[in-house]
Amino acid sequence: MRSAEDLEPFEVRSTALRAESQTRIVLERMRQEGLISIGSAQLDFLATNIWIVSAYWIDYLVNRGGVTEFTREQLSWGARQISSLFEPYLTEAGAPVIWPSASDAAEKDAG
């Protein structure tokens, strides 16, 4: 596998565009399945923000805290950062998909 340094600028842009496009496809499917309730303009913003956070959250940890080695907890933190972007758009059916532990806790509290 090649590193990012080995890629030409066009390849990096092309890969980024494909990733963002795939994110939009997944979000459209989530909307069709009733997991999120979101307008088209907001969906575009959400797709871009998901891509930005997923691409740069490691840089954030490095720059903010000088992190050089990543733990499972830090990887989980990054996944939660991305998941939190969905929160305003989640439907009742979508919440347990994005936040399964939260729905488990709510069921335990109700039971």
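Each residue takes its place number in the sequence, starting with 1. Small disclaimer: the values here were computed from a predicted structure and weren't measured.
Separation of atoms CG (Asp44) and CG (Asn49) is listed at 11.0 Å; rounding is to 0.5 Å. Note that CG of Leu43 and CD1 of Ile50 are 8.0 Å apart. Values are rounded to the nearest 0.5 Å.
The minimum heavy-atom distance linking Gly34 with Ala93 is given by the pair O-CB, 4.0 Å. Looking at every heavy atom in both residues, Ser54 comes nearest to Ile82 through CB-CD1, 3.5 Å. Scanning both residues, Gln74 and Glu69, for their nearest heavy atoms gives OE1-O, 3.3 Å.
Between Trp57 and the choices Leu75, Ile52, Val62, the side-chain contact (heavy atoms from CB on, under 4.5 Å) rule is met once, by Leu75.
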Q.
I'd like to know whether Phe86 forms a side chain to side chain contact (heavy atoms under 4.5 Å, CB included) with Leu27, so could you lay out the CA-CA distance, the side-chain angles of the two residues, the decisive distance to 0.1 Å, and finally the verdict.
A. CA-CA 10 Å; Phe86 288 91; Leu27 291 172; 3.4 Å; yes
Q) Taking it one step at a time, do Ile38 and Glu28 satisfy side chain to side chain contact (heavy atoms under 4.5 Å, CB included)? A) CA-CA 9 Å; Ile38 189 170; Glu28 284 287 353; over 6 Å; no
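Taking hydrophobic clusters as Ile, Leu, Val, Met, Phe, Trp and Tyr residues chained together by side-chain heavy-atom distances below 4.5 Å, Leu46 does not share a cluster with Ile25. Note: the hydrophobic cluster containing Met30 does not contain Phe45 (ILVMFWY, side chain heavy atoms under 4.5 Å, direct or indirect links).
Residue pairs meeting the side chain to side chain donor-acceptor pair (under 3.5 Å) criterion with at least one partner in residues 32-42, sequence neighbours excluded, are Arg29-Glu33. The list of side chain to side chain donor-acceptor pair (under 3.5 Å) pairs with a residue in residues 80-93, not counting sequence neighbours, is empty.
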